[in-house]
Amino acid sequence: MSDHDFEFRYKAFGFNIASNFLLEGLLPAEGPPEVYIREGKVPVEVPGPQDSHAYTVVENDGFAFRVKDIGTFLVLDGKQIIAEKSEDCEPEAHVLFILGTCMGVLLMQRGLLPVHGSALALAGKHIIITGQSGAGKSTLAAALNRRGCSFLADDIAALQEDERGESWIVPSFPRQKLWRDTAEKIFGSVDSLNRIPGVRDKYHVQMDGEFIKAPKRLDALFELTTHPGSEVAVSEIKGPEKLMVILRNIYRPEIIEFMGKQSEHFIRCSRLASSLPVFHIERPEAGFTVDEQIKGIIHRLKQLSSP
C-alpha cells in the first residue's frame, strides 16, 4: 500500500499517524507519517482456537494478539498496526484495542515507557495519577477534568527519556474513558456522552480543560490506593518502594515479559525511580473524597516547589 491509500492523518504520543479508516478523537497530523494503521488481513498465525484470547511474538520486534469477538492485531517494529476484525465485531469496537493495547505495544517498541494512568497539569506541575483497578484513579482524573485541569493523557501516559535522563510526558489525545457509575458521579448522567463501541457501560468524555499538545517534564507520580479508615492521607514514598510503585503501574506489564524486554524495562524504571518524587494517596474505601484527595495532592506539589 502507498501513502495515498491512507486517507486519514493524525497525531498521538508524539508521532504522526496515517490510517486507512477513521479514528475519532485524535489530533490532526503535523507532518509526514511515522506510523501506519490499517484494517486488513493479519499475515501471522496466532495460536489457539479462534474464539480465544492469545498472544504471539513475531520476529523483528513484532507482536500479535487475538481478542475474542473483536479481532486479531499485529504491531510491527514500532511503525505499523494491522487490525483484522472478526465477523462478530461490533462496528468500531476494534478501535478501543488499537488505541489501547496496540498503542501500548507500539510505544514499547519505540522505546517509550507506557504508564497506566492519567497525565495532567496541577498547581504548576505535570503529574501522573495511577493505581490498580478499582482504586479510583479514573474518578479522581474525571474530577480534575471537570475542574478544567489541562491534560496530556488518559489511561496511557507515555514517557520519553531525554539525553540527561529526564522523563517527559508525551501527549496522547484529548479524550477520557469512564465507566457509567463514575461518569454519573462526576457529570450527573451519561445522556450527553457517547458509549464506547464493544464495551458495555463505558463512555467517551471530552477534556473540559485545555489539552496540552507539547511534551512536559514529569514532576511527580501519585499512586492511589484504598484503606478501611475514614481519612485521606498523601505521603511521599522513599527508597526501593518507589521502584515497586512504578513497576506495578506500567501499562500491560505482561506484554513486556512476553516480548523478552524485562531487563531493559527494569533498568529504565530504576532510572525513573531514582530521580522522580513518588507519592501514595490513601483514600477511604467508602465515601466520595475526591476534594480531599485533590487538596492533598496540591499540598504535596507546593512542597516540591518550596526551597
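Worth knowing before you read on, the calculation uses all heavy atoms, side chains too, and leaves out hydrogens, waters and symmetry mates. Just so we're clear, the structure is a prediction, and the values are computed from it rather than from any experiment.
The backbone N or O of Pro32 lies less than 3.5 Å from no partner atom in the side chain of Arg9, so there is not a single donor-acceptor pair. Judged by distance alone, with hydrogens and angles left aside, the side-chain atoms of Arg217 form no donor-acceptor pair with the main-chain N or O of Glu166 at under 3.5 Å. In this structure a side-chain-to-backbone donor-acceptor pair under 3.5 Å is missing from Gln176 to Asp154. Between the side chain of Tyr10 and the main chain of Leu23, a donor-acceptor pair closer than 3.5 Å is present. Between the side chain of Arg38 and the backbone N or O of Phe6, no donor-acceptor pair lies under 3.5 Å. Distance alone, capped at 3.5 Å, places no donor-acceptor pair between the Arg283 side chain and the Glu292 backbone.
Screening residues 88-113 for side chain to side chain donor-acceptor pair (under 3.5 Å) gives Glu39-His94, Glu90-Arg195, Thr101-Arg252 as the qualifying pairs, with residues at least two apart or on separate chains.
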Steps toward side chain to side chain contact (heavy atoms under 4.5 Å, CB included) verdict (Ser172, Ile156): CA-CA 8 Å; Ser172 60; Ile156 304 177; over 6 Å; no

CA sep, side-chain torsions, deciding dist, call: Leu193, His204, side chain to side chain contact (heavy atoms under 4.5 Å, CB included): CA-CA 6 Å; Leu193 306 180; His204 283 306; over 6 Å; no

His265 and Ile250: CA distance, side-chain angles, deciding distance, side chain to side chain contact (heavy atoms under 4.5 Å, CB included) verdict: CA-CA 10 Å; His265 173 69; Ile250 297 300; 3.6 Å; yes

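Across all their heavy atoms, Pro277 and Ser275 have their closest contact at CD-O, 3.6 Å. Contact between Leu96 and Lys177 at its shortest, heavy atoms only, is CD1-CD, 3.7 Å. Closest approach of Phe222 to Ile281, counting heavy atoms only: CB-CD1, 3.7 Å. The minimum heavy-atom distance between Phe97 and Ala93, with the atom names listed, is CD1-O, 3.8 Å. Closest approach of Leu26 and Ala12 over heavy atoms only: CD2-CB, 4.2 Å. Taking each heavy atom of Gly78 and Leu106 in turn, the nearest pair found is C-CD1, 3.3 Å.
Linking Ile, Leu, Val, Met, Phe, Trp and Tyr whenever their side-chain heavy atoms come within less than 4.5 Å puts Leu276 and Ile169 in one cluster. When hydrophobic clusters are built by joining Ile, Leu, Val, Met, Phe, Trp and Tyr residues whose side-chain heavy atoms come closer than 4.5 Å, directly or via intermediates, Phe21 is grouped together with Val67. When hydrophobic clusters are built by joining Ile, Leu, Val, Met, Phe, Trp and Tyr residues whose side-chain heavy atoms come closer than 4.5 Å, directly or via intermediates, Val44 is not grouped with Ile255. When the side chains of ILVMFWY residues are joined at heavy-atom separations under 4.5 Å, either directly or via intervening members, Val245 and Leu113 end up in a single hydrophobic cluster. Cluster annotation: Val58 is not connected to Met108 through the hydrophobic network of ILVMFWY side chains, with a link wherever side-chain heavy atoms come within less than 4.5 Å.
Within a 6.0 Å radius of CZ in Phe288, other residues, nucleotides and ligands contribute more than 12 heavy atoms. For Glu7, the CD atom counts as loosely surrounded, since its 6.0 Å shell holds 12 or fewer non-hydrogen atoms of other residues, nucleotides or ligands. Annotation: Glu257, atom CD; neighbour count of heavy atoms from other residues, nucleotides and ligands within 6.0 Å does not exceed 12.
In this structure, the separation between CD on Glu24 and CZ on Phe8 is 10.0 Å, given to the nearest 0.5 Å. Atom OG in Ser167 sits 10.5 Å away from atom CG in Leu221 (nearest 0.5 Å). Between atom CD1 of residue Ile196 and atom CG of residue Leu99 there is a gap of 10.0 Å, rounded to the nearest 0.5 Å. Interatomic distance, Ile186 CD1 to Asn145 CG, rounded to the nearest 0.5 Å: 9.5 Å. Ile98 contributes atom CD1, which lies 7.0 Å from atom OG of Ser19 (distance to the nearest 0.5 angstrom). Distance check, rounded to the nearest 0.5 Å: CZ of Phe266 to CD1 of Ile256 gives 12.5 Å.
Considering only residues two or more places apart in sequence or on other chains, Glu161 meets the side-chain hydrogen bond (donor to acceptor under 3.5 Å, both in side chains) condition with Arg271. Checked against side chain to side chain contact (heavy atoms under 4.5 Å, CB included), Glu30 has the following partners two or more places apart in sequence or in another chain: Lys11, Asn16. Evaluation of the salt bridge (charged side-chain N to carboxylate O under 4.0 Å, His left out) rule for Asp201 yields Arg180 as partners, not counting sequence neighbours.
Taking 4.5 Å as the limit, every side-chain heavy atom of Tyr36 sits out of range of all side-chain heavy atoms of Asn20. Looking at Val170 and Phe15, their side chains never come closer than 4.5 Å, going by heavy atoms from C-beta outward. Contact annotation: the side chain of Leu178 approaches that of Phe187 to within less than 4.5 Å [non-hydrogen atoms, C-beta and beyond]. Considering only heavy atoms from C-beta on, Pro284 stays 4.5 Å or farther from Glu231 through its side chain. You'll find the side chain of Val278 stays beyond 4.5 Å of the side chain of Met244, heavy atoms only. Looking only at side-chain heavy atoms (C-beta outward), Val290 and Arg146 stay at 4.5 Å or farther from each other. Counting heavy atoms from C-beta outward, Phe258 and Val105 have side chains that stay 4.5 Å or more apart. Taking 4.5 Å as the limit, every side-chain heavy atom of Phe63 sits out of range of all side-chain heavy atoms of Phe73.
Centroid-to-centroid, the aromatic rings of Phe151 and Phe211 stay 6.0 Å apart or farther.
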List, one per line, each side-chain donor-acceptor pair under 3.5 Å for residues 121-143, sequence neighbours excluded.
{"from": "Thr130", "atom 1": "OG1", "to": "His116", "atom 2": "O", "distance (Å)": "2.6"}
{"from": "Thr130", "atom 1": "OG1", "to": "Asn249", "atom 2": "OD1", "distance (Å)": "3.1"}
{"from": "Gln132", "atom 1": "NE2", "to": "Arg248", "atom 2": "O", "distance (Å)": "2.8"}
{"from": "Gln132", "atom 1": "NE2", "to": "Asn249", "atom 2": "OD1", "distance (Å)": "3.1"}
{"from": "Lys137", "atom 1": "NZ", "to": "Gly131", "atom 2": "O", "distance (Å)": "2.8"}
{"from": "Thr139", "atom 1": "OG1", "to": "Thr182", "atom 2": "OG1", "distance (Å)": "3.4"}

Please report, to 0.1 Å, the donor-acceptor pairs under 3.5 Å made by any side chain of residues 232-240, with sequence neighbours excluded.
{"from": "Glu236", "atom 1": "OE2", "to": "Lys238", "atom 2": "NZ", "distance (Å)": "3.4"}

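Ion pairing of Lys79 with Asp61 is absent here, as no side-chain N (NZ or NE/NH1/NH2) approaches a carboxylate O to less than 4.0 Å.
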